[in-house]
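Order of the sequence lines sets the chain letters (A, B, ...), proteins ahead of strands, with each chain counted from 1.
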Amino acid sequence: MTSPYDHRSLEAKWQARWQETGLYRVDLARAPRPYYNLMMFPYPSAEGLHVGNMFSFSGADVHGRYERMRGFDVFEPIGFDAFGIHSENFALKVGRHPSELIATNVARFREQLEKLGAQFDWSKTVDTTDPAYYRWTQWLFLTLWKGGFAYRARRNVKWCPQDLTVLADEQVLADGSCERCGAQVTERELQQWFLRISAFTDRLLENLDSLNWSENTKLLQRHWIGRSQGALIDFPIPGDDPIRVFSTRPDTIFGATFMVLAPDHPRTLELASPAARPEVAVFLEEAARRRIAGQRSDEGSTRGVALGRDAIHPLTGAALPIFTADYVLSGYGTGAIMAVPAHDQRDHGFALEHHLPAVEVVTGKEGPGTHGGAGVLINSSQFNGLKSPDPAREVITAALVEAGSGQAHVTYKLRDWGISRQRYWGPPIPAIHCHSCGVVPVPEQDLPVLLPYIEDFRPLGTGESPLARDPDFLHTTCPQCGGEARRDTDVSDTFLDSSWYYLRYPSADRDDVPFDPELTRKWLPVTYYDGGNEHAVLHLLYSRFVTMALEQLGYLDFSEPFTEFRAHGMIVMSGAKMSKSRGNVVVPDEYIARFGADAFRLYLLYLGPYPETLNFVDSGINGPYRFIIQVLRLLEQLEARSGTATAESAELARARHRCIQQVTVDTPERKYNTAIAAMMIFVKRLREDGGPVPKEALETLALLLAPYCPHLAEEIWERLGGPYSVHQQPWPTADESLIADEEVVVVVCINGKKRDQLVVAAGTDSSTLEGLALELPRIQQWLEGRVPERVFVVPDRQVNLVLTD
RNA sequence: GCCGGGGUGGCGUAAUGGUAGCCGCAGCGGUCUUAAAAACCGCAGUUCGCAAGGACGUGUGGGUUCGACUCCCACCCCCGGCACCA
């Protein structure tokens, strides 16, 4: 039998037709029911789209197409996140210029994306490396700057000795290595641009409660923001300024037996007694070396030395020796702690090592060195008996406030966003350094500050961007005084490009504004955002910050960019991430060429639940491919009988409506795998039926398949005589009254074990079922004349006869 | 260490208190064919049994229940995130 499926010509035909008719172009100004279906735009690597891209775009497209058939005007744009270190490093590696490479990659990506058959509106696309786009990225920077959200500071920043650039905290992995190249990250002090994300810490945190996002994603953000409530407490030092510490557990203050300062706390050396100073100085030097070498994994360290000096406990007046130790970090809280060895693991370890006393102040089953659960204060003077941590925390904080030595305080892990990159492949930061005027913004009318073509774009490694090599770029005049000036030679972080691209899409063809106010009011915030959880704390947090800032500055009238966010899963190969080094990268093009985009989409989504991690299985695509051929065979069968109408049997109507129901429930819940299984079951049923296929069956299949196999669905729909396009038809509705079974199988169990079954009319009542069950010969054999003590009947399902002993 | 997700046939998975293994892959047997492929039909958790049928079976151990993959407790393993955060 010849295959009825020539996917190449079929898919090419419909893709051409969609383009001619502009099926996916949305009249943004007029659309009555806007639905902004966004998916994270890809970074156009040299390898082309990978299976993960194909998977997530297919899933997000199914969502968009389904919403369209439900009557929404779905705007589904796609673009290219093409600036960044990825591209630049690759260009360095292959010895070509990134601007050339990216043009090729973008063209290739676009071709691949078109082949996938998604309903992308290509009339509104973005490429972050296009001056028409990054002009507005620069505008965004200036706007944030003028609005008080950008500032320069000399900071110890994370520096990658391999990529020779500054990294954001988020780009440093837990083991202290560079997210991109794996080199051990070090520290370096440079003058940097920062964006004041800390201005919105509380809102970024609080808004999460009411955002309709994947819970997992929200959790990651909460974690990253890292809010801790506690108190700042001053510990006086005789003849000196007090030491201020931060503690989340002020209720344990009576258990404080010593103090610890971070090695890079500004007062560590100064506080050391003359006798201890030489030893302290040596220790601080070593500690600095360890920190710069990026030894972040040196956990549980009890390394430290005494300063030979005491602090005074503010409530008991006891003398507490002061130490400096690796385990206290300068970057968190005040960089100094009160150590409570009885109730903190690290303090406990340090106390053991240095023979320091521990005083238990909270009762509890847990041993020393544990915070444990709730308990009652002991050894805490007039506070004994208070429940800890609460309300003891508030009571003791209040006492400290009264004593003038403390105040309630909240700290966060979230830091301001460093955006300066001493690299080439990014939008130049639009700032000018003038000797007399200082740092001056580039006037808006001078944007874009074009990224010059530089032959040698290797990083200098001096802390300056390669743009410093280009004198024409570097030297300019001050827009304020007209005097000689230099441009900022850093480029901005790629995440700045992607922090606002969703605002740009609807206005992508406008060169007079970054985003048109009216279109923005109509289409934003984004209705539905599909993306990977790897961006839970970077892109998604930055986007929220930018939106809040732009709202505060009057450019937007909403504060959250993504109304609904859903994280998708990823595709792995035998349990491991696909990567070139593992040699398990699957090239999707081959699959599409051989089986077609429809089969490939179907296959990827059939692999398992869309939100989860799924295993790619090479041969798995055969099933979905066969399924498509079976559907087309049914269509051919129907066509062969053209003219003779076949009435749909009640049986087939039931199967069909069940299928509609299942697909309708599963699709919006993103259970694409079970939706596809339901369609397979229906097709199986049709084939088993053997009789002439009713037209309704194929009409329904065309509609249900439309989001999943957009080309195939069009073909079926057209051949059935339906009006173009199937994607503009309303989603079918299941008729509940047709779905119910007439007959059901009721399992008969004895003591929970299946022993026989009954086939009865649906809805048979419990006592009838019990009677029928007891009459079954096999059941009577098992009962051996005994009478069940109890009988449990689940109508239409099960009868359980219970015998004791 | 902390937080989240997960562990079911050879494989991807389905079923979230009521017949465990739906749907699919791979496999095996058959039909068609000169042959192979494709297509189509059938078999298929493990085990005992000629069969009828039975026993066992959802990471491990306990518990709740007439009934547990599903709920509770403890533990083991895998994946992801965070990590001297006081």
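When both distances must be under 3.5 Å, the Watson-Crick or G-U wobble mate of B:rA35 does not exist. Across all strands shown, B:rG17 forms no Watson-Crick or G-U wobble pair with both distances under 3.5 Å. Within the shown strands, nothing qualifies as a pairing partner of B:rU65 under the Watson-Crick or G-U definition with both distances less than 3.5 Å. For B:rG1, the paired nucleotide is B:rC82, the pair qualifying as Watson-Crick or G-U wobble because both relevant distances are below 3.5 Å. Base-pair partner of B:rG12: B:rC23 (Watson-Crick or G-U wobble, both distances under 3.5 Å). For B:rC40, the paired nucleotide is B:rG30, the pair qualifying as Watson-Crick or G-U wobble because both relevant distances are below 3.5 Å.
Nucleic acid contact for A:E688: none, since no nucleic acid atom lies under 4.0 Å from a heavy atom of the residue. Note on A:R687: only backbone sugar-phosphate atoms sit closer than 4.0 angstrom, heavy atoms only; bases stay farther off. Within the 4.0 angstrom heavy-atom criterion, no nucleotide atom of any strand lies near A:V245. No contact: A:V746 has no heavy atom under 4.0 Å from any strand. Residue contacts for A:L607: at a heavy-atom cut-off of 4.0 Å it reaches the sugar-phosphate backbone alone, with no base atom in range. A:I337 comes within 4.0 angstrom of a base, heavy atoms only. Contact annotation for A:V617: backbone-only contact, meaning every heavy-atom pair under 4.0 Å involves sugar-phosphate atoms and none involves a base.
Closest to the side chain of A:Y606, from the set B:rC22, B:rU19, B:rG24, is B:rG24. The side chain of A:N622 lies closest to B:rC25, out of B:rC25, B:rA14, B:rC85. The side chain of A:N673 approaches B:rA14 more closely than any other nucleotide in the set B:rA86, B:rA14, B:rC3. Here the side chain of A:L219 is nearest to one of B:rC3, B:rG24, B:rA39, namely B:rC3.
Within the 4.0 Å cut-off from OP1 or OP2 of B:rC23, not a single side-chain nitrogen or oxygen of A:T674 is found. For B:rA39, the OP1/OP2 oxygens have no side-chain nitrogen or oxygen of A:Q630 closer than 4.0 Å.
At a cut-off of 3.5 Å, with distance as the only test, no side-chain donor of A:T302 or A:Y327 sits close to an acceptor on the other residue.
Summarising the geometry, atom CG belonging to A:L315 is positioned 8.0 Å from atom CZ belonging to A:F235; distances are rounded to the nearest 0.5 Å. Between the OG1 atom of A:T664 and the NE2 atom of A:H657 there is a distance of 11.0 Å, given to the nearest 0.5 Å. Between A:I676 atom CD1 and A:L602 atom CG the span is 4.5 Å, to the nearest 0.5 Å.
Spacing between atom CZ of A:F627 and atom P of B:rG12 amounts to 23 Å, rounded to whole angstrom units. Going from atom NZ of A:K413 over to atom C1' of B:rC84 covers 12 Å, rounded to whole Å. Distance, A:F246 CZ to B:rC84 C1': 16 Å, rounded to whole Å. Atom CD1 in A:I681 sits about 9 Å away from atom C1' in B:rA14, given to the nearest Å. Atom pair A:L605:CG and B:rA14:P shows a separation of 13 Å (rounding to whole Å applied). Counting to the nearest Å, the P atom of B:rC82 and the CH2 atom of A:W224 are 6 Å from each other. Distance A:E215 CD to B:rG6 P: 14 Å, rounded to the nearest Å. Protein atom CG of A:N615 is 12 Å distant from nucleotide atom C1' of B:rC78, rounded to whole Å.
Rounded to the nearest Å, the gap between the P atom of B:rC43 and that of B:rC22 is 12 Å. With P as the reference atom, B:rG49 and B:rA39 are 38 Å apart, rounded to whole Å. Atom C1' of B:rA15 sits at a distance of 16 Å from the matching atom of B:rG45, rounded to the whole Å. Rounded to the nearest Å, the gap between the C1' atom of B:rG10 and that of B:rC28 is 13 Å. For the P atom pair drawn from B:rG80 and B:rU65, the interatomic distance equals 40 Å after rounding to whole Å. Using atom C1' as the reference point in both B:rA44 and B:rG24, the two lie 14 Å apart (nearest Å). Using atom P as the reference point in both B:rU8 and B:rU58, the two lie 11 Å apart (nearest Å). Using atom C1' as the reference point in both B:rG4 and B:rG9, the two lie 29 Å apart (nearest Å).
Under the salt bridge (charged side-chain N to carboxylate O under 4.0 Å, His left out) criterion, A:D689 pairs with no residue at all, not counting sequence neighbours. For A:W213, the ring-ring contact (aromatic ring centres under 6.0 Å, His included) partners at least two apart in sequence or on another chain are A:F565. A:A762 is linked by a side-chain contact (heavy atoms from CB on, under 4.5 Å) to A:V744, A:D796, counting only residues two or more places apart in sequence or in another chain. Scanning for side-chain contact (heavy atoms from CB on, under 4.5 Å) contacts around A:V759 gives A:E743, A:V745, with sequence neighbours left out.
Along RNA chain B, the nucleotide nearest A:N216 and the nucleotide nearest A:L220 are compared for position; the residue whose nucleotide lies closer to the 5' end is A:N216. Toward the 5' end of RNA chain B, the nearer of the two residues A:M570 and A:R626, judged by each one's closest nucleotide, is A:R626.
Between A:Y625 and A:Y603, the ring centre distance reaches or exceeds 6.0 Å.
Below 30°, between 30° and 60°, or above 60°: for A:H568 and A:Y610 the angle between ring planes is between 30° and 60°, a tilted geometry.
Taking 90° from 0 as the syn/anti boundary, the base of B:rG63 is oriented anti.
In summary, A:D202 and A:R227 engage in a salt bridge, as defined by a charged side-chain N under 4.0 Å from a carboxylate O. Under a 4.0 Å N-O distance rule, the pair A:D326/A:R346 does not qualify as a salt bridge.
Side-chain to base pairing of A:Y412 with B:rC85: no donor and acceptor N or O lie closer than 3.5 Å to each other.
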Considering only nitrogen or oxygen atoms on both sides, find all protein atoms under 3.5 Å from nucleotides 54-56 of chain B and state each distance.
| unit_1 | atom_1 | unit_2 | atom_2 | d |
| --- | --- | --- | --- | --- |
| B:rA55 | OP1 | A:R755 | NH2 | 3.3 |
| B:rC56 | OP2 | A:K753 | NZ | 2.8 |

Please write out the pairs of protein N or O atoms and N or O atoms of nucleotides 66-68 of chain B separated by less than 3.5 Å, giving the distance to one decimal.
| unit_1 | atom_1 | unit_2 | atom_2 | d |
| --- | --- | --- | --- | --- |
| B:rC66 | OP1 | A:R790 | NH1 | 3.3 |
| B:rC66 | O2' | A:N800 | ND2 | 3.4 |
| B:rC66 | O2 | A:N800 | ND2 | 2.7 |

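Closest heavy-atom contact between A:S58 and A:M54: OG-O, 2.6 Å.
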